[in-house]
Amino acid sequence: MLNVEIEPIATEQLERIIGPERSAQFEEAAASARELLAGRRVVNVNSTANGGGVAELLQTLLSYARGVGVDADWIVIDAEPEFFDVTKRIHNWLYGAPGDGGPLGPPEHARYEAVMRANAAALPSFAGPNDIVILHDPQTAGLADAVRATGAKLVWRCHVGRDTPNEYTEEGWEFLRRYVQDADAFVFSRAEFAPSWVDPDRLFVIPPSIDPLSTKNQPLTDEQVLGILQYVGLLGGHADPPSVPFVRRDGSPGRIGRRVDVLQTGPPPPPSAPLVVQVSRWDWMKDMTGVLRGFAAHLDAGDAHLALVGPAVHGVDDDPEAGLVLDECMGAWGELPEHLRERVHLACVPMHDPDEAAIIVNALQRHAAVVAQKSLAEGFGLTVTEAMWKRRPIVASRVGGIADQITDREHGLLIDDPHDLDGFGRAVRLLLEDRPLADRLASAAYERAHEQFLGDRHLERYAVLFASL
Ligand code: UDP
């Protein structure tokens, strides 16, 4: 198990964004959490320190928690690729999809439990009887007994789920039930995600948040955006772009030094071309190939480009299917007619330096004329909140948490059926053509993200949970 370093963020920094009144409210919640916890640690356990929404949100949340004096820790389990094959299958099943088609029977339980046992042995050095341990997602659910053995309170937070159960979700939950059913509390991003065996009195609904001060979301000037994207090769227009300075999460100076791997036939999009962007892990649920096909069918003419951007395929430890998904997407790209292939760009962002990766995504989201999140299922799309925060017009599927994030035609456009490529393509075109509409939706999206999805709101909801424990 690995202890991830967390830099505290002082509340004063957040106050500049949320204002004095909301900041005072936050301080009050923090004071009551401190009193309730009275020196107890809040130990979070997940399966990767980099890549994906959970790592992103732990980084944010725990920094704020530390900033208000809560003793919050973050531990990452050790596991080998075969373990992640099993947990990815559970993940897909909880979203209602068959994934790689393999089973979740006794051999999978055995493989899963072997890794859990090895990690369980290390747990007592991270948590004791007075602490609260929050296990995140299926990858850590099997540590529940070990947490109990330390005497700590046990919370299981599940970031995935599906509104309406199907045969896969039922079996996925069945796999996990034996491990977590006795947790002291459960946290889901939506109440609908919780399986029927979760006791409603122990169920807490807490939507994730973003950090407006992080490298991923900090403000950038137009020149910085352009400079970063030209340097990494995602935008053209400069023959020899200089490396761009940026501010790292801990406040120290950084400089872009890596280029992004881009699959394209022609040059990168010119800065003046409207760019449609989807940033997602290479996961079937994100339907990058569907985005490509919807774009190709509806934006055949015109000057818009599409960028499908994900992490380098070996960049996310707990995501073993990334290579397959990227291959499928490259195959679909290869079948496009030449003139469209020139306007569709697949890119993999190197993950060696998390701040550098974050600033590239930041710049890309800010440059986007339209941000797409055409997921087939989604717990809660942090990428959606990130785009809302950056005042971007958004086209997303009405699935899972996205339906809580965006009200259709108010904060963006929602596609009722996530498989509806036609509806998706039309919505993107509408936002590219009707810029006043796009701007109105984008402004409302920003207001909503500001009101609902920043770190203070998230911690206030956690304070309610701690009070119940
Ligand atoms: N992300 C990133 N680089 C990528 C793809 C995704 O930094 O190439 C980030 C993205 O900005 C967001 C998180 O990973 O912060 C994805 O969270 P989300 O909730 O949207 O989806 P998840 O990956 O958890 O399913």
Side-chain angles (χ1 to χ4, degrees), residues 46-61 87-88 91-92 94-95 97 136-139 157-162 189-190 207-212 214-218 232 234 249 258 260-262 277-288 307-319 321-322 325-326 329 345-366 368 371-390 392 394 396-397 399-402 404-406 449 453 458:
N46 87 322
S47 56
T48 178
N50 268 313
V54 180
E56 185 78 23
L57 100 89
L58 284 176
Q59 195 52 265
T60 304
L61 196 63
T87 57
K88 185 76 192 190
H91 170 97
N92 285 325
L94 295 186
Y95 276 132
H136 291 264
D137 275 338
Q139 293 92 318
R157 180 163 186 178
C158 187
H159 298 267
V160 299
R162 186 184 143 100
S189 302
R190 303 197 91 188
S209 59
I210 59 160
D211 176 8
S214 69
T215 320
K216 175 77 56 69
N217 298 309
Q218 64 184 227
V232 301
L234 284 168
R249 187 173 195 100
R258 286 191 182 80
V260 165
D261 261 341
V262 192
V277 171
Q278 178 161 307
V279 176
S280 288
R281 285 179 302 103
W282 301 103
D283 183 312
W284 306 111
M285 295 305 146
K286 309 292 182 180
D287 199 19
M288 294 284 233
L308 296 173
V309 180
V313 289
H314 298 300
V316 183
D317 294 339
D318 64 352
D319 203 356
E321 290 174 357
V325 176
L326 177 60
C329 212
H345 315 263
L346 307 188
C348 290
V349 179
M351 300 292 283
H352 308 88
D353 178 340
D355 284 332
E356 192 182 47
I359 203 82
I360 295 169
V361 171
N362 185 343
L364 192 63
Q365 288 170 328
R366 287 185 191 279
V371 168
Q373 194 58 58
K374 208 197 81 59
S375 304
L376 304 178
E378 192 67 75
F380 182 97
L382 278 184
T383 49
V384 172
T385 307
E386 289 159 5
M388 293 168 83
W389 179 248
K390 290 166 187 136
R392 295 295 89 203
I394 299 165
S397 319
V399 291
I402 294 178
D404 297 330
Q405 293 169 269
I406 289 186
F453 303 128
H458 199 162

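Counting starts at 1 for both ligands and their atoms, following the listed order. Basis for what follows: all heavy atoms, side chains included, without hydrogens, waters or symmetry-related copies.
With respect to atom 21 (O) of ligand 1, the closest heavy atom belonging to the protein is K286 NZ, 3.0 Å. The shortest contact between atom 3 (N) of ligand 1 and any protein heavy atom is with V361 CG2, 3.7 Å. Among all protein heavy atoms, the one lying closest to atom 18 (P) of ligand 1 is L382 N, 3.5 Å. Of the protein's heavy atoms, V279 CG1, 3.5 Å lies nearest to atom 5 (C) of ligand 1.
When each atom of ligand 1 is checked for a heavy atom of G381 under 4.0 Å away, the hits are 19 (O), 20 (O). The distance from ligand 1 to the heavy atoms of T383 drops below 4.0 Å at these ligand atoms: 10 (C), 12 (C), 20 (O). Under a 4.0 Å criterion applied to the non-hydrogen atoms of E56, ligand 1 contributes the atoms 15 (O). Of all the atoms in ligand 1, the ones that sit under 4.0 Å from a non-hydrogen atom of R281 are 5 (C), 22 (P), 23 (O), 25 (O). Applying the 4.0 Å criterion to heavy atoms of P311 picks out, from ligand 1, the atoms 4 (C), 5 (C), 8 (O).
If you look at E386 next to ligand 1, the close heavy atoms, those under 4.0 Å, all belong to the side chain. Contacts with ligand 1 closer than 4.0 Å are made by no heavy atom of M285, backbone or side chain. At a 4.0 Å heavy-atom cut-off, ligand 1 does not touch A357 at all. Within the 4.0 Å heavy-atom criterion, the part of K216 lying near ligand 1 is the side chain and not the backbone. In V349, neither the side chain nor the backbone holds a heavy atom less than 4.0 Å from any atom of ligand 1.
Note on ring orientation: taking the six-membered ring where Trp is involved, the planes of H136 and H159 are parallel (angle under 30°, cut-offs 30° and 60°).
Not a single heavy atom of A358 sits closer than 4.0 Å to an atom of ligand 1.
The side chain to side chain contact (heavy atoms under 4.5 Å, CB included) search around A358 returns T215, K216, not counting sequence neighbours. Legend: residues meeting salt bridge (charged side-chain N to carboxylate O under 4.0 Å, His left out) with D283, ordered by chain and number and at least two apart, are K88, R281.
Taking only nitrogen or oxygen atoms, main chain and side chain alike, F380 reaches within less than 3.5 Å of ligand 1. On a distance-only criterion, G53 and ligand 1 share at least one N/O pair closer than 3.5 Å. Ligand 1 has no N or O atom lying under 3.5 Å from any N or O atom of Q365, backbone or side chain.
We find the CZ-CE distance between R258 and M351 to be 11.5 Å, quoted to the nearest 0.5 Å. Once rounded to the nearest 0.5 Å, the distance linking OG of S209 with CZ of F380 reads 8.0 Å.
Closest heavy-atom contact between S280 and M288: O-CE, 3.6 Å. Residues D404 and F453 share a closest heavy-atom pair of O-CZ, 4.1 Å.
When side chains are defined from C-beta on, W284 does not count as touching L376, because their heavy atoms never get closer than 4.5 Å. Counting heavy atoms from C-beta outward, E378 and K286 have side chains that approach closer than 4.5 Å.
Tested against I402, the residues T383, T385, V384 include a single side chain to side chain contact (heavy atoms under 4.5 Å, CB included) partner, V384. Partner of E386 under the side chain to side chain donor-acceptor pair (under 3.5 Å) criterion, out of R392, Q373, Q365: Q365 alone.
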